[in-house]
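Not measured: the values here are computed from a predicted model. Just so you know, ligand 1 is whichever comes first in the structure, and atom 1 is the first atom listed for that ligand.
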Amino acid sequence: MNILIRNGTVVTASETRPADVLIQNERITAVEADLAAESADRVINAAGMYVFPGGVDVHTHLDMPLGAIASSDDFESGTRAAAFGGTTSIVDFANQSRGARMRDALDAWRRKADGRASIDYGLHLTITDLAGGGLEEMDSLVREGVTSFKVFMAYPGRLMLDDGDIFRILSQTARNGGLVCVHAENGGVIDALVARALAEGRTAPIYHALTRPPRAEAEAVHRAIALAEMAGAPVYIVHVSSAEALDEVRAARGRGAPVFAETCPHYLLLSIEELERPEFEGAKYVLTPPLRTKEHAARLWDGLTSGCLQVVSTDHCPFRFKDQKELGRNDFTRIPNGGPGIENRLQLIYHYGVNSGRISLNRFVEITATAPARIFGMYPRKGEIAPGSDADLVIWDPDAVHTIRAATHHMRVDYSLYEGFPVRGNARMVISRGEVIVEAGRFLGRPGRGVYIPRNPTGHG
Ligand SMILES: [Zn+2]
């Protein structure tokens with residue numbers, strides 16, 4: 001199937017220009033003015049529209065087990081929702097269980113995704129246990145396209161690794177070309193603050209935020225960067241939420257260290273007051289790291305403008321309010337941490353970033369598609385509009401007005417973090433490897449059409 005997209009304005013991380021885009025089968029084969037229509041089976045008129053590379057969301061948790069429950073979107077519902085929002089690639093986290101091999105996690109997540117994903121997906125490997133001697137296993141995973149790993153500095157006894165193990169993992173990636181993603185919060189201090197709050201009878205959702213102060217994040221970001229520098233490895237800080245943590249990233253980048261960092265729409269657009277909503281509704285906003293005061297959001301926008309932050313991802317990890325968030329009604333530590341967002345990232349960053357004048361159109365494409373594809377070894381297959389790239393494209397209507405609502409979103413969760421938020425600019429058509437999967441609000445993809453993306457070692461450093 002050959003498709004010609006005519007009369008649109010092609011926007012990449014580096015340029016904005018009127019051009020037609022020719023798709024032959026799964027790839028882009030030409031991006032030029034006035035391409036001939038003869039060879040096309042279908043001609044799409046994109047007059048008045050932008051043509052963006054499909055969005056790349058490198059931080060999602062689909063079908064993620066958490067104790068006795070799981071995040072409420074699986075790979076079928078989650079990738080369909082992503083597609084509606086203009087995202088055509090995700091990188092999800094396969095979590096190693098303690099005592100199991102890393103490969104078991106990879107196999108388990110491939111089973112969750114294969115046959116269900118309707119857009120392409122890669123996997124990071126979350127390391128929770130080196131007791132089985134997993135360092136060599138990392139090398140074989142990198143060779144097979146799992147080129148990024150995640151470690152936790154929080155959640156002692158469950159997910160947290162000590163500094164020695166984190167240093168060993170970073171050192172291994174310095175040799176094998178992998179990239180370590182760090183959840184940076186000081187887990188020991190947080191556990192002590194949580195125990196104190198509970199002993200004082202403070203059990204409401206707001207205490208989730210008050211027991212995880214920005215300093216606990218900044219300290220861990222500082223330490224993660226120091227460990228990476230000692231190991232001679234690059235490092236990627238996930239979900240930066242506070243000004244103090246951002247300052248640590250900026251200082252490291254200022255001295256030339258290969259440090260990368262992302263933030264998420266909720267840290268840019270929401271604040272800690274949400275956790276004080278009555279009737280336990282604050283639980284909807286229990287995310288980790290927690291929402292901060294408003295001043296932090298302004299600083300994070302500055303970080304995106306200045307280049308200190310390279311990526312906006314969602315950390316999509318939805319739990320239903322009705323029967324999942326509810327588990328923590330009498331104890332904030334039992335509220336499953338996380339919220340939905342996979343569908344709304346482009347709408348929100350376009351509206352509150354581009355329309356408000358905070359970031360340029362090209363910077364929008366860079367932080368939502370090109371930079372994450374580059375950093376995680378998918379570029380130029382993903383995140384680019386050029387001959388040879390996968391034909392993953394979004395035809396974006398800059399004038400489409402939309403109000404975000406749980407009642408109309410496609411994520412399998414009973415609330416939205418952005419209920420009632422008005423946005424202008426939305427995906428009109430979404431193309432994944434040359435196939436139109438969303439058109440005029442209808443889903444035309446099918447579960448299982450998404451393929452696994454083996455990724456390249458990234459060689460930062
Ligand atoms: Zn996450």
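For the Zn ion (ligand 1), the set of nearby N, O or S atoms under 2.8 Å includes none belonging to H183. Among the atoms of H239, none of the N, O or S atoms falls under 2.8 Å from the Zn ion (ligand 1).
The main-chain N or O of R412 is never found under 3.5 Å from a side-chain atom of S77 such that the two would form a donor-acceptor pair.
Seen from the ring of F75, K112 does not count as a face-on cation partner, given the 6.0 Å and 45° thresholds.
The N, O or S atom of D315 with the smallest distance to the Zn ion (ligand 1) is OD1.
Residues H316 and T60 have side chains that never bring a donor and an acceptor to within less than 3.5 angstrom of each other. Residues S242 and E217 bring a donor and an acceptor atom of their side chains to less than 3.5 Å of each other.
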